[in-house]
Amino acid sequence: MGRALEPGERFPIVLDWDMDKPEDQRPTIYTKALSSRRQMQLGDRMDNFRDCSSTKELFQQMSEGLAEVITGWRNFRNPETGEEIPYSPDAILDWFTAAELRELYVKVLAGGNVTKADEKNSASQP
């Protein structure tokens, strides 16, 4: 059966900046397993980013596209308090830079480029 049909199947994604952090502290984003058609739709959305009339519209489009596929994250800590930052679609714009939004979008479209170790760890995470 295709992974996109598996209930609860998801991919862990780690931003390049965080790759060298210890696994138990590494910020990890979880996304739905997407069918090729769904990836194509997200790709179309990304292609339309260049048509945005303002930076605000671009950021809204990027965050809305990601909010459709992100299911959660772990090890996101507020730099001032050290407290865990709960995932919400609205928090995407609060905690990622523009470059990170783009990197995340590209990794989502690529299926996360998941390693077998990441997949195993994903299965045991909330």
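Keep in mind that the numbers below use all heavy atoms, side chains included, and drop hydrogens, waters and symmetry copies. Numbering starts at 1 and runs along the sequence shown.
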Nearest non-hydrogen partners of [X] and [Y], listed with the distance:
X	Y	value
D47	R50	O-NH1, 2.7 Å
K107	D16	NZ-OD1, 2.8 Å
P89	A67	CB-CB, 3.7 Å
C52	Q61	SG-CG, 4.0 Å
T28	P12	CG2-CB, 3.7 Å
E103	V14	OE2-O, 4.4 Å

Checklist entry - Atom CG in L93, atom CD in Q60: separation rounded to 0.5 Å? => result 8.0 Å
Checklist entry - What is the distance from atom CD of E84 to atom CG of N75, rounded to the nearest 0.5 Å? => result 6.0 Å
[X], [Y]: one ILVMFWY side-chain cluster at the under-4.5 Å cut-off?
X	Y	answer
L58	W95	yes
V106	L101	yes
F96	W17	no

Checklist entry - So M46 and L42, side chain to side chain contact (heavy atoms under 4.5 Å, CB included) or not? Walk me through it. => result CA-CA 6 Å; M46 188 174 191; L42 282 177; over 6 Å; no
Checklist entry - Between F49 and Y105, is the ring centre distance below 6.0 Å? => result yes
Checklist entry - Do R77 and E83 sit within salt-bridge range, that is, some charged N less than 4.0 Å from a carboxylate O? => result no
Next on the checklist: Looking at T71 and K32, would you say the former's side chain and the latter's main chain have a donor-acceptor pair under 3.5 Å?
Outcome noted: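 Not confirmed, T71 side chain does not pair with K32 backbone.
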Item to check | Side-chain donor or acceptor of Q25 paired with backbone N/O of K21 under 3.5 Å | outcome: no
Item to check | Residues, nucleotides or ligands: over 12 heavy atoms within 6.0 Å of D90 CG | outcome: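 Result for CG/D90: open.
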Next on the checklist: Applying side chain to side chain contact (heavy atoms under 4.5 Å, CB included) to I85 and W73, what does each step give before you reach the verdict?
Outcome noted: CA-CA 9 Å; I85 299 167; W73 57 39; 4.0 Å; yes
